[in-house]
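A short write-up of the structure that comes next.
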Amino acid sequence: MPTERQKKIRNFSIIAHIDHGKSTLADRILEYTRTVATRDMEAQLLDNMDLERERGITIKARAVKLDYHAPDGIDYTLNLIDTPGHVDFGYEVSRSLNACEGALLIVDSTQGVEAQTLANAYLAIDNNLEIVPVINKIDLPSADVEKVRGEIEDIIGIPADGCPAVSAKVGLNIDQVLDKIISDIPCPNGDENAPLRCLIFDSYYDSYLGVVVNIRVIEGTLRAGDRIKLMSTGAEFDIVDVGYLDAFGLKSGEFLSAGDVGYFTASIKSVGDTRVGDTVTLASDPASEPLPGFKEARPMVFAGIYPADGARYGDLKDALEKLQLNDAALTFEAETSAALGFGFRCGFLGLLHMEIIEERLEREFNLDLITTAPSVIYNIDLKNGEQVRIDNPSNYPNPDEIDTAYEPMVKASIITPPEYVGGLMELCQDRRGEFINMTYIDTDRAELHYNLPLNEIIYDFFDALKSRSKGYASLDYEMASYVPSKLVKLDILLNGDIVDALSFIVHEEKAYARARRICEKLKDNIPRQLFEVPIQAAIGGKVIARETVKAMRKDVLAKCYGGDITRKKKLLEKQKEGKKKMRQLGSVEVSPEAFMAVLKLGDED
Amino acid sequence: MGISMQKKKLGLYIHIPFCHSKCAYCDFYSQSNAGDELMQRYVDALRLQLEDYSAATRNYTVDTVFIGGGTPTVLPVKTMCELIGTITRCYNLSKDVEFTMEANPATVSLAALTKYRKLGVNRLSLGLQSANADELTALSRIHSTSDFEASFTAARKAGFDNINIDIMYGIPLQTAESFSNTLNYAASFDPEHISVYGLKIEDGTPFARMRETLILPDEDTEADMYLDCVSYLSVCGFRHYEISNFARPGCECRHNLKYWNCDEYLGFGCAAHSYFSNMRFSTKRDLMLFIDAMEADISRGGIMGNDGMGITESQLKNAQPIDEFYQLTPSERVGEYIMLRLRLCDGISSSEFESRFGINFDAVYGRRLQIYIDNGFMKYDGDRYAFTTKGMYVSNYILSTILDFDKDSRIVGGIADGSDKA
């Protein structure tokens, strides 16, 4: 039975497909509950990184406590737990949802139910959450509230009869949303006197406080001064401070009890110690069982990241260390490439995670980077009985040592208007997809299910999906199992030397086509040099494609115009500047642009 | 002038920015269809400038004059004569002065040429460009081969025994065969000098705007044309002495050699460049701006002063017609010398270099150049470093690897680079 205190608490998340208005609705709720005066609001307050604001996505979950004086006269505490909005962060989303009793499911009234709407709704249902659908963007002329209401009922299978239709942007009907939160979302329960069990749903590093851990107390009570234990590792810490977060920052309190959402600090040095999903208990009176569902976030996608200017290796290392303080899912280790010099092999949850890290490195740390083609982890059974995990094509064993190679698959769901189904099936087929089924959500939308190799998805799949559906198709995927696959390592040779940074793993059937395209692209992008440069693609020493960059024949200023020496100097100077940016690969000069062109080689090229 | 001393030598370049019509490839500053009145006003401004600068050059002997353009021969004869008169009146021309005038076929008459020859012009540069009618049309040249023939014959008749023919390659529609016909045609006139320029598509020209649709010989064809040209003209008895220039022995263009030897020259008129008193400077590009600035300056009493001691930075600073100017640092002088001297087939003599700059060329640059010598792009005879013919055609690439640039975005030699000092 909930206590009187618990009866006045509502813990909820907001879930949505990207761009359906999640952050804007959060802002309006904050504003409506007067947690933030309108004039103090910076648009989309919950997303506190510049990058998030620009991309309109939420990268890290955060919680905020709102005080709400409801029409029934009771003062409620609403804990809004914001969730990351991308498939890469699915696990983090599930932990955030676990901290709640309910979720607002936002659906854009002009777009309807999309792939991530569904995925997030199912995730919420799996976590036994009460779902409150909210139809957003009704201020737009193309809004079709009734149609979307029907979709929610038919596709997701939850009643949407009385669901609020709002415009978060202009602040319309926000009161109805709050009423629904109070009336539909259950209050928390849990024994305040039981052994402590708190769920970690987020943590971040603060240079003054150490790691700030966001938790939901499931059972028991946590106080400053308590000695706690993290159940996955057994590590123990002394609590320095407990409290909650409001829209302006951390507010210390005396304790957090079952049903509460808040934070603690305990002089913890690294977010690696406070993994999302772990259970916090008391060292003196530990719970017998941790909360279910803990998984260590494992990087799925790997790439080499190198400073464009080799002298900035140290800066890159510092930057990665700083980012890792706040991002336990980011891994990196030193790596050396003959082509690119010193850099790092970095592991990411997925492609978006990788893009975010790249952008933050470039923007916040002012680094110019060269990133190698992303790779996944391959499991390989060697003939000598050993098993190896390969995340870097350079370490791929020789073909004659390999018994069986396995590659990771994902279960993908694509929602698209029916007219693009043909093109998208072709795309999935081309990406070695295995068709599972297709269902019609309604006459306007079909849902395709495929098993796809992850290494085909990390390779510009999303761009191809968007371009083949004029931007209408949406994608969601979850990791599935490893399957045996005929993989080969393709090496690229310039002037007879292997360029390690350009090696990659590819399915046997696609090796020839890919090899040819890469050779052509390199030929188009490598400037003529003083000598002829052969470009070759090879599998285990066997050349399967070849192009040649012909020797430069002409680079001369025929005429010095009427004694205008300055002009010739400027020309040479420009040329010299261009040369400085070149990478020297053995005796061949390659521009970073050529590298990027090849590394980003798309399907449509 | 009491003390007798070895006078320094100076070249004069006079820019005539007028043409009958503008060629599609040309980005020299010029105006087409200018009226006689405007031409007269421009030449008046030019003459003011010539008079004005003359005081600063009292210690110089002028041994080359080059009237270029544009098409200088579109000036009315009377106007041109006044201009030549001012030059000869205001400057100490040496006895053996090389006095060149550029001319385009169909713009010169025997009478005019005879007059110019009498006034002291002794070298004529005729723009043939191509002997192929289609190519001439593509270049939007207004003359035909028969015009050229008539002009060349007239020039000889007028007494010009030093004539250059300009031809081009790498032009639209051109083939190896048509180019060799043009070469053949030019050589058949037995000129003293032939300049062979590869077409470069310059930004802002009609060619640049139609780049996509131009049918141009590719890089390899063009390089072959160049190599064929070099061997053909040497068989015909022309010495290849600069990337684009060929001459009968002793008939090299002394004025242009000044550019490549880093000798001093003054440029007059709009868009003209000077190298004088260790400064490089240029005049305003725009014709009207130049005229206005010149007239304004002269009405204030002239700019260059009358001290006869050269031109100073502060004079340039106050001179309205001046567009850009800068003083060369010692290392810039070295860099420019290398960049320009290597255009010459004789290249750079280590001993001359050392006596000019006090720097051991072998020690500073020898190692950088070795790889090019080993691969046949350059040659070294124990004193001289020079490009081979094949090397000349990729000389920008090589120069950009051996020259260093300082932060002021101008060229400097490699002496600042400690790594090569040992």
Side-chain angles (χ1 to χ4, degrees), chain A residues 309-311 494-497 520 522-535 547-594, chain B residues 11 13 15 27-28 66 68 168-170 195-200 219-220 222-224 226-227 243-244 255-256 258-260 262 265 267 271-275 280 282 324 326 332 335-336 339-340 343 371-372 375 377 390-401 403-405 409-411:
Chain A
D309 173 3
L494 285 186
N495 211 21
D497 300 325
E520 280 161 18
L522 275 170
K523 185 192 171 199
D524 293 344
N525 280 280
I526 293 179
R528 284 180 164 203
Q529 326 256 317
L530 285 179
F531 49 87
E532 192 174 280
V533 179
I535 302 166
E547 292 283 343
T548 304
V549 181
K550 288 201 277 182
M552 170 197 297
R553 297 284 309 278
K554 180 194 164 199
D555 184 5
V556 63
L557 192 60
K559 197 167 183 172
C560 258
Y561 296 83
D564 183 357
I565 305 308
T566 317
R567 176 173 168 149
K568 179 164 171 61
K569 281 198 293 190
K570 281 183 184 155
L571 201 90
L572 279 179
E573 192 180 307
K574 229 169 114 186
Q575 199 163 349
K576 181 108 188 171
E577 276 307 307
K579 226 178 241 305
K580 269 193 203 152
K581 296 196 188 112
M582 294 286 187
R583 289 264 160 180
Q584 195 78 32
L585 300 184
S587 47
V588 183
E589 281 176 348
V590 180
S591 67
E593 289 77 19
Chain B
Y13 175 79
H15 189 64
D27 79 330
F28 275 24
F66 197 106
M168 292 178 83
Y169 63 98
S195 296
V196 188
Y197 296 118
L199 171 70
K200 185 165 179 279
E219 176 175 338
D220 293 305
E222 222 189 293
D224 289 338
Y226 179 73
L227 296 180
I243 292 176
S244 308
H255 182 80
N256 283 341
K258 283 188 191 293
Y259 300 151
W260 304 318
C262 296
Y265 52 91
H273 294 263
S274 301
Y275 176 50
R280 292 207 179 271
S282 61
E324 287 181 336
Y326 57 90
E332 271 179 312
E336 288 190 358
M339 172 180 94
L340 294 165
R343 295 184 68 83
I371 183 171
Y372 303 115
N375 288 285
F377 293 101
K390 155 180 146 179
M392 262 182 183
Y393 219 59
V394 290
S395 56
N396 274 4
Y397 183 92
I398 295 174
L399 285 172
S400 74
T401 66
L403 293 171
D404 297 316
F405 297 84
S409 78
R410 283 181 295 173
I411 221 166

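All of these numbers come straight from a predicted model, not from anything done at the bench. We name chains A, B, ... by the order of the sequence lines, and we start the count at 1 in each one.
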Next on the checklist: Nearest 0.5 Å, please: how far is OH in B:Y197 from CG in A:L557?
Outcome noted: 10.5 Å
Next on the checklist: So A:Q575 and B:L399, do their side chains get closer than 4.5 Å, heavy atoms only?
Outcome noted: no
Next on the checklist: Could you check whether any side-chain heavy atom of A:V556 comes within less than 4.5 Å of a side-chain heavy atom of B:Y226, counting everything from C-beta outward?
Outcome noted: no
Next on the checklist: Need one label for B:Y372: side chain, backbone, both or neither, based on atoms under 4.5 Å from any heavy atom in chain A.
Outcome noted: side chain
Checklist entry - Taking every heavy-atom pair that is under 4.5 Å apart, which of B:A271, B:A223, B:G68 has the most such pairs with chain A? => result B:A223
Checklist entry - When you check the gap from the basic side-chain N to the acidic O, do A:R528 and B:E219 get nearer than 4.0 Å? => result yes
Item to check | B:Y397 OH to A:E589 CD distance, which is reported to the nearest 0.5 Å | outcome: 3.5 Å
Checklist outcome for this item: Applying a strict 4.5 Å limit to non-hydrogen atoms, the region of B:T401 in contact with chain A is both
Next on the checklist: Taking side chain as everything from C-beta outward and backbone as N, CA, C, O, which of these in A:L530 sits under 4.5 Å from a heavy atom of chain B? Side chain, backbone, both or neither.
Outcome noted: both
Next on the checklist: For B:I371, is the CD1 atom crowded, meaning more than 12 foreign heavy atoms sit under 6.0 Å from it?
Outcome noted: no
Item to check | B:S395 portion near chain A, given a 4.5 angstrom heavy-atom threshold | outcome: both
Checklist entry - Based on non-hydrogen pairs under 4.5 Å, which of B:R280, B:K390, B:M392 is most in contact with chain A? => result B:R280
Item to check | Backbone of B:Y393 reached by a side-chain donor or acceptor of A:K554 within 3.5 Å | outcome: no
Item to check | Heavy-atom contact with chain A under 4.5 Å, split by part of B:I398 | outcome: side chain
Checklist outcome for this item: Comparing B:L199, B:I243, B:D220 against chain A, the one with the most heavy-atom pairs below 4.5 Å turns out to be B:D220
Item to check | Check: A:G563 main-chain N/O paired with B:Y265 side-chain donor or acceptor under 3.5 Å | outcome: yes
Item to check | Side chain, backbone, both or neither of B:F377 within contact of chain A (heavy atoms, under 4.5 Å) | outcome: side chain
Item to check | Sub-4.5 Å side-chain heavy-atom contact between B:L403 and A:E573 | outcome: no
Checklist outcome for this item: Looking only at B:D224, B:V196, B:L227, the option with the highest number of non-hydrogen pairs under 4.5 Å against chain A is B:D224
Checklist entry - Do B:E336 and A:K569 sit within salt-bridge range, that is, some charged N less than 4.0 Å from a carboxylate O? => result yes
Checklist entry - Can you tell me how far the CD1 atom of A:I565 sits from the OG atom of B:S274, to the nearest 0.5 Å? => result 11.5 Å
